[in-house]
Enquirer: 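Got a structure for you, written out below as structure tokens; questions coming shortly.
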Amino acid sequence: RRAAAAALLLAACASARVVRRPQEAAAGLDLRHLGGLAADFAGVASTSTCASLKNHVTHSTVQISVGTPPQQFDVVADTGSDSVIVASCACVRSGRCKTSSKCFDGVNQSSTFTVKGESTPLHVLPETVPVVVLTFGSGAIEAMIASDVVQVGAASATMSDGLLLMVDQELRISGPFQGILGLGLPKSSESLLQLPPGGNISKHDPALAHGRSSGGAVYHSVSFLEAAGVPRFSICFNDGGRDGVLRLGEPEAEFKLGSVGQVHWGVDFRGVSVGDNEMSLRSAFCDPAGKPGSQLTPCGAIPDSGTTVIMAPTEHLKELFGLICDAWPLCTEEARVQPRLPKFEVMQVLLENCEEWAEEVGFSAMPTLTFHVAGASGHTQALRLPPEAYVLEVEEEEVAYSTKYLMGVLPVRTRAPTGRKRRVCMPAFGEQEYTTQLNGPIWIFGTPFFYQYQVGYDLQSTPPAVSFVDQPCGECGEGAIARAPPSLITRERARQRPWPKRIAGPLRVPELDTSLPL
């Protein structure tokens, strides 16, 4: 059981190895002063619209249209980058992208399509066109710099030299990849421009993949939010497999937290309380009282809709799981029976064997978790997650163990599938080590927060702001108009379901460059 518990901690985020978001290869990252973003959106009166977020349980995608007439793509709405990327059919035809991937054809297919350096629509693609090399934690891509119309819901913009068409890739990812809609903080990011693209990425100067100049020109990325004049947006998810909602041009939130991030949307994170009464337990990690004088915040947190679980440093998770065990009667009793087993392991073993007790006692006795966050000005907010929000259910195949004797002499223990499935539960947390000089250890607030809150992002504030609104998500209706959310009674009934959210498939982990500041 001890080995199973240790394995479960690692399974809490399969392959919880930190990888990087598409970070443009450049000689350096030239960040615009964030206070200037509000001026960029001053006086902007954007039309409110929405788009459905297709629920894949472990992640969501949004449909965008590119070109004239429009070609549709299901892309990841990514709050960690600011580029619009779709796969080019040239990549598929060359065999460098999967043949199953949906791709964009601009030449002779879109009347508004041009590539960088061309002032009129193309009829014949030049032999050499500018491409930009982008690096991922999971590999690298080459993208052709193009211009065309991009539409999300009812919001559209002509992305002048702002549409990146993937023409070559060495990505180590599973499943289809149609592209990215970058909704991160707009920044004057630079990428190395090359002429001609020629050859595979693996044959290029290795310096390019690490962002060192190799004599190429510099490309400045363009944000869809800036091009479409969208000063605010929000993201939320629905339970039961229903689609979530991406709202664009949102009204200003009544309460918001100024972002403390330089590169990412980020909030000041001040630890967790376990339990929702006067006897609640408070974590020692991320305590403002223990903040080093050189730091601006004790810890930081990035709300990221593309990460399935909540990511945190290993030692923080061990402490948190131990506090959950102390506040959960079933766990405290089990820990008394097994005094040699650390409480954080006892908690995980109990969840792993949830099929044995869940139908009888349920999850309601588990404590509520309260995450304490603050904004740049010091305003604070308490974000509460009930047990059904921070516990996940997965299904695994049962195996039977038996001992066989080789040559009738040597005992060998073997395992064989039984053909039966069993329910297994796990904490919706994964391990990640990401520490910054100014903001300390960084947590990633993944999808559990987006199921519980409408998470808003405001570029018109100084500094840009994040909001967490405790309202049901609702849905995106006809004409890209957001419909009223279901009643609070309906939501409360959903919270009383006997089993946590069931997931299938690989978990999505954050793709952050941990060498950058928050």
Enquirer: Of all residues at least two apart in sequence or in a different chain, which pass the salt bridge (Lys or Arg N to Asp or Glu O under 4.0 Å) check with E393?
Expert: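 Once residues adjacent in sequence are excluded, the partners of E393 under the salt bridge (Lys or Arg N to Asp or Glu O under 4.0 Å) criterion are R423, R502.
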Enquirer: Do T79 and D304 come close enough that some side-chain heavy atom pair is under 4.5 Å?
Expert: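 With C-beta onward as the side chain, the pair touches.
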Enquirer: Looking at every heavy atom in both G474 and R247, which two are closest together, and how far apart are they?
Expert: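 Closest pair (atom of G474, atom of R247, distance): CA-NH2, 4.2 Å.
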Enquirer: I want to check something: taking the side chain as every heavy atom from C-beta on, are I310 and L385 in contact at a cut-off of under 4.5 Å?
Expert: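 Yes - at least one pair of side-chain heavy atoms lies under 4.5 Å apart.
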Enquirer: Looking at A51 and G153, what are the two nearest heavy atoms and their distance?
Expert: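 Scanning both residues completely, I find the closest heavy atoms to be CB-N, 4.2 Å.
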Enquirer: Compare all side-chain heavy atoms of V84 with those of L181 and state whether any distance is below 4.5 angstrom.
Expert: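 Result yes, sub-4.5 Å side-chain heavy-atom pair found.
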Enquirer: List, one per line, each side-chain donor-acceptor pair under 3.5 Å for residues 370-380, sequence neighbours excluded.
Expert:
residue : atom : partner : partner atom : Å
H372    : NE2  : S273    : OG           : 2.7
S377    : OG   : H379    : ND1          : 2.8

Enquirer: Only counting residues at least two apart or in another chain, list the ones meeting salt bridge (Lys or Arg N to Asp or Glu O under 4.0 Å) with D326.
Expert: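 In terms of salt bridge (Lys or Arg N to Asp or Glu O under 4.0 Å), with neighbours along the sequence ignored, D326 is linked to K343.
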Enquirer: Backbone N or O of F285 within a donor-acceptor pair of the S283 side chain at under 3.5 Å?
Expert: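 Answer holds: yes.
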Enquirer: Does a side-chain heavy-atom distance below 4.5 Å link I324 with L369?
Expert: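 Side-chain contact under 4.5 Å: yes.
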Enquirer: Tell me, please, which residues at least two apart from F104 pass ring-ring contact (aromatic ring centres under 6.0 Å, His included).
Expert: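 Only F113 meet the ring-ring contact (aromatic ring centres under 6.0 Å, His included) criterion with F104.
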Enquirer: What pair of heavy atoms forms the shortest contact from P303 to V466, and how long is it?
Expert: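 Shortest heavy-atom contact: CG-CG1, 4.1 Å.
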Enquirer: Please report the closest heavy-atom contact between S259 and P463, naming both atoms and the distance.
Expert: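 Scanning both residues, the minimum pair turns out to be O-CG, 3.7 Å.
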Enquirer: Using 30° and 60° as the class boundaries, would you call the ring planes of Y453 and F449 parallel, tilted or perpendicular?
Expert: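 Correct class here is parallel.
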Enquirer: Answer yes or no: is there a side-chain heavy-atom contact under 4.5 Å between S305 and F237?
Expert: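 They are in contact (side-chain heavy atoms under 4.5 Å apart), so the answer is yes.
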Enquirer: May I ask you to test the F321-Q348 pair for a side-chain heavy-atom distance under 4.5 Å?
Expert: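 Touching, per the 4.5 Å side-chain cut-off.
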Enquirer: Show the nearest heavy-atom pair for residues I64 and V152, with the distance to one decimal.
Expert: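 Looking at all heavy atoms of both residues, the closest pair is CG2-CG2, 3.7 Å.
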Enquirer: Would you please name every residue forming a salt bridge (Lys or Arg N to Asp or Glu O under 4.0 Å) with D458, sequence neighbours left out?
Expert: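 D458 satisfies salt bridge (Lys or Arg N to Asp or Glu O under 4.0 Å) with R232, K256 only.
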Enquirer: Ignoring hydrogens and geometry, is there a side-chain-to-backbone donor-acceptor pair from K102 to Q72 under 3.5 Å?
Expert: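 Yes.
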Enquirer: I'd like to know if the side chain of T447 and the backbone of V309 have a donor-acceptor N/O pair within less than 3.5 Å.
Expert: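 Checked: no pair found.
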Enquirer: Kindly give the heavy-atom pair with the smallest separation between A155 and F224, and that separation in Å.
Expert: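 What the structure gives for the nearest pair is O-CZ, 3.8 Å.
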Enquirer: Just jot down the side-chain contact (heavy atoms from CB on, under 4.5 Å) partners of P292, sequence neighbours excluded, or say none.
Expert: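 By the side-chain contact (heavy atoms from CB on, under 4.5 Å) rule, P292 matches S294, Q295.
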Enquirer: Side chains of V75 and I180, heavy atoms from C-beta outward: is any pair under 4.5 Å?
Expert: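 SC-SC contact between V75 and I180 ruled out.
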